[in-house]
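Presented below is the structure to which this report refers.
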There are 2 protein chains.
Amino acid sequence: MKVLVADDDADLRDLIAFTLTQSGYLVLKAGDGPSAVRGFEEESPDLVVLDINMPGLSGFQVCEAIRKRSRIPVMMLTVRGEEEDLVRALGLGADDYLTKPFSPRTLLARIKALLRRAGMANATPLTAGRVALDLQEHTVSIGRADPVRLTKLELRLLQMLLANAGHTVSSDRLLVQVWGHRSGGDRQLLKQLVHRLRQKIEADPAAPALLRTAAAGYKLLVE
Amino acid sequence: MKVLVADDDADLRDLIAFTLTQSGYLVLKAGDGPSAVRGFEEESPDLVVLDINMPGLSGFQVCEAIRKRSRIPVMMLTVRGEEEDLVRALGLGADDYLTKPFSPRTLLARIKALLRRAGMANATPLTAGRVALDLQEHTVSIGRADPVRLTKLELRLLQMLLANAGHTVSSDRLLVQVWGHRSGGDRQLLKQLVHRLRQKIEADPAAPALLRTAAAGYKLLVE
DNA sequence: CGGGCAGGTGACAAACAGGTTATAAGCGCG
DNA sequence: CGCGCTTATAACCTGTTTGTCACCTGCCCG
């Protein structure tokens with residue numbers, strides 16, 4: 001899930017980027033209006049966070065440019081008290097706004113809400129280590145390699161493992177999360193699914209480097 | 001909305017074309033005077049952007065040729081400081097000029113102003129890549145081909161895909177947006193609608209180049 | 001040493017999703 | 001009322017995905 005963050009304040013930009021990256025988003029940064037527009041055009045992010053005061057083009061203008069081509073969620077950042085800025089931003093098609101200063105937690109919550117509203121995130125989007133999951137496209141990219149198509153179940157399994165990257169997830173939990181199975185029982189399904197997933201994402205499926213077998217379950221190795 | 005861009009500098013031409021395309025215009029390119037005139041005659045664009053220095057025929061001569069037959073807006077591009085060029089261009093019937101270098105957004109703003117003045121402003125159709133949707137006429141144009149008439153549902157489907165051009169839109173979302181269906185369920189309708197739409201807009205409906213099947217949905221491919 | 005167990009593998013069948021074609025139902029309109 | 005166009009329903013075909021089974025290996029432990 002790509003998010004473009006445009007703000008001329010490098011510190012704030014980095015803070016936001018850090019917050020989002022930790023939560024599994026792929027973050028692109030822009031420090032002024034024109035590079036924000038360029039970033040949007042070249043990367044087609046899934047959401048844009050726009051500061052209003054930016055050199056080159058204001059957040060308003062960038063928002064306008066984006067709306068000409070796309071309805072992706074746009075979140076504007078405004079300074080407290082500038083009421084007409086808000087009105088104008090929302091009038092231009094922005095989806096939400098935050099007044100500075102705000103807590104990273106708030107930002108995260110709002111962003112998730114926006115993505116949910118846009119029907120994108122069925123759950124938290126995820127990347128960890130060299131593994132990047134694209135829920136929309138049903139693909140996974142390992143490092144720089146071409147994305148690999150995943151089936152519904154493979155996607156769900158990988159999503160679960162990714163959400164707990166580095167930690168073991170028990171087979172029981174996986175069964176429940178992937179199949180909605182009542183209680184244990186059908187380990188064979190999981191065995192098979194892991195096998196199929198390894199065929200797709202492991203360089204050497206016989207010696208798994210990513211999807212490792214662990215005590216009573218599996219884990220995704222991230223460096 | 002067709003715009004003819006004539007400039008011998010391929011980079012600048014592409015930059016302008018890119019800017020305009022992203023803003024929803026259908027752009028035609030010409031690299032020299034004669035092909036500019038030919039482009040004008042064959043495609044009857046709604047606006048022409050003309051560089052003055054071009055091989056074959058200068059921008060002046062092209063402008064003159066155009067003015068013999070049409071009053072469509074012409075914007076000239078000049079090098080800074082050549083004042084008499086401006087005078088001459090405006091004398092020949094050009095409507096506006098820009099001195100190089102200029103920012104894409106300046107160009108865009110001026111072009112919009114020209115079209116507005118010419119009374120063509122409100123017709124900007126939804127476009128992405130080679131696909132241009134006309135909501136008033138219920139038609140779609142692929143590249144330079146003749147517009148194709150669409151039914152209500154076909155139009156809505158294409159509009160949804162266009163609004164998310166390049167990204168997969170899940171079948172569920174499409175069902176909701178196109179039919180207003182409460183719950184998923186009726187994939188058959190979508191199957192059919194996609195099939196009929198492909199018959200209309202794809203050169204080879206059996207091997208779709210635009211409306212592609214993607215994981216759990218469909219997507220409109222744009223270059 | 002040998003049985004039991006967990007995980008890995010290959011083969012195969014059932015279930016499913018998407019494409020295609022045909023046909024019926026609905027609807028606007030003269 | 002019937003005509004033509006649009007939309008819905010159904011049946012069939014295909015390739016993919018998923019579930020099931022049989023068998024293998026390595027390992028723990030009596």
Side-chain angles (χ1 to χ4, degrees), chain A residues 137-140 148-161 168-182 184-219, chain B residues 137-140 148-161 168-220:
Chain A
E137 301 293 333
H138 284 212
T139 59
V140 63
V148 180
R149 293 203 38 185
L150 299 178
T151 69
K152 259 201 323 266
L153 293 184
E154 288 161 355
L155 189 81
R156 282 231 279 281
L157 173 62
L158 200 44
Q159 198 180 343
M160 285 313 303
L161 293 172
T168 300
V169 187
S170 77
S171 297
D172 290 335
R173 223 147 86 66
L174 288 174
L175 280 174
V176 171
Q177 304 276 359
V178 176
W179 282 273
H181 270 198
R182 27 282 160 204
D186 222 345
R187 324 223 133 204
Q188 180 60 22
L189 293 175
L190 184 55
K191 243 193 330 189
Q192 277 297 334
L193 189 58
V194 167
H195 181 234
R196 282 165 183 150
L197 186 50
R198 279 179 176 154
Q199 297 295 326
K200 288 193 177 180
I201 67 173
E202 294 283 0
D204 177 7
L210 285 167
L211 206 178
R212 299 286 277 268
T213 304
Y218 296 88
K219 75 161 96 171
Chain B
E137 300 294 324
H138 282 214
T139 61
V140 63
V148 180
R149 288 187 34 109
L150 298 178
T151 69
K152 246 195 344 255
L153 292 184
E154 288 162 355
L155 190 78
R156 280 232 279 282
L157 174 61
L158 200 45
Q159 199 179 346
M160 285 311 303
L161 293 172
T168 300
V169 187
S170 75
S171 299
D172 291 333
R173 225 144 86 70
L174 288 174
L175 280 174
V176 171
Q177 307 272 4
V178 176
W179 282 272
H181 269 198
R182 29 280 160 203
S183 63
D186 220 345
R187 329 225 128 206
Q188 180 62 17
L189 295 175
L190 185 56
K191 235 192 328 188
Q192 279 296 337
L193 188 59
V194 167
H195 183 239
R196 289 197 304 260
L197 187 50
R198 277 178 178 154
Q199 297 295 326
K200 288 194 177 179
I201 68 173
E202 294 283 359
D204 176 7
L210 285 166
L211 207 178
R212 298 285 278 268
T213 303
Y218 296 89
K219 75 160 101 173
L220 201 65

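When reading the values below, keep in mind they use all heavy atoms of this one structure, side chains included, and skip hydrogens, waters and symmetry mates. Chain letters run A, B, ... following the sequence lines, proteins first, then strands; residues in each count from 1.
- Between B:L155 and B:V140 the shortest side-chain heavy-atom distance does not fall below 4.5 Å.
- For the pair B:Q188 CD and D:dT9 P, the computed distance is 9 Å after rounding to whole Å.
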Distances under 3.5 Å only, N/O to N/O: pair up the protein atoms with those of nucleotides 15-18 of chain D.
residue, atom, partner, partner atom, Å
D:dT18, OP1, A:L153, N, 3.3
D:dT18, OP2, A:T151, OG1, 2.4

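- Near-neighbour residues of DNA chain C inside residues 205-217 of chain A, defined by a heavy atom below 4.0 Å, number-ordered: A:A206, A:T213.
- Here the CD1 atom belonging to A:I201 is positioned 5.5 Å from the CG atom belonging to A:L158, to the nearest 0.5 angstrom.
- In this structure, OG on A:S171 lies 11.5 Å from CG on A:L189, to the nearest 0.5 angstrom.
- B:R187 has its CZ atom 20 Å from the P atom of D:dT7, to the nearest Å.
- In this structure, B:L175 places its CG atom 14 Å from C1' of D:dT7, rounding to the nearest Å.
- Applying the side chain to side chain contact (heavy atoms under 4.5 Å, CB included) test to B:R212 and every residue at least two apart in sequence or in another chain returns B:P208, B:K219, B:L221.
- Both A:Q199 and B:R198 lie near DNA chain C, and the one whose nearest nucleotide falls closer to the 5' end is A:Q199.
- Nearest approach of B:Y218 to B:T213, heavy atoms of both residues: CE2-OG1, 3.6 Å.
- Atom pair B:Q192:CD and D:dT9:C1' shows a separation of 9 Å (rounding to whole Å applied).
- Chain B approaches DNA chain C over the interval C:dG18 to C:dA22, counting the first and last nucleotide 5' to 3' with an atom under 4.0 Å from its heavy atoms.
- A:R156 has its side chain out of reach of A:L174: every pair of non-hydrogen atoms, C-beta onward, lies at least 4.5 Å apart.
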- Task: Walk me through it: do A:L150 and A:L197 pass the test side chain to side chain contact (heavy atoms under 4.5 Å, CB included)?
- Result: CA-CA 8 Å; A:L150 299 178; A:L197 186 50; 3.8 Å; yes
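- When the side chain to side chain contact (heavy atoms under 4.5 Å, CB included) test is applied to B:A215, the partners found at least two apart in sequence or on another chain are A:H138, A:R149.
- The salt bridge (Lys or Arg N to Asp or Glu O under 4.0 Å) contacts involving residues 196-211 of chain B comprise B:E154-B:K200, where partners must be two or more places apart or lie in separate chains.
- Rounding to the nearest 0.5 Å places CG of B:L211 at 9.0 Å from CG of B:L193.
- The CZ atom of B:R156 sits 13 Å away from the C1' atom of D:dT6 (whole-angstrom rounding).
- Here the closest heavy-atom approach between residue A:T168 and residue A:A214 is recorded as OG1-CB, 3.4 Å.
- Applying the side-chain hydrogen bond (donor to acceptor under 3.5 Å, both in side chains) criterion to A:K191, with sequence neighbours excluded, gives A:Q188.
- Comparing the axis of the opening five pairs of the helix from C:dC1-D:dG30 to C:dG30-D:dC1 with that of the closing five pairs yields an angle of 30°, rounded to 10°.
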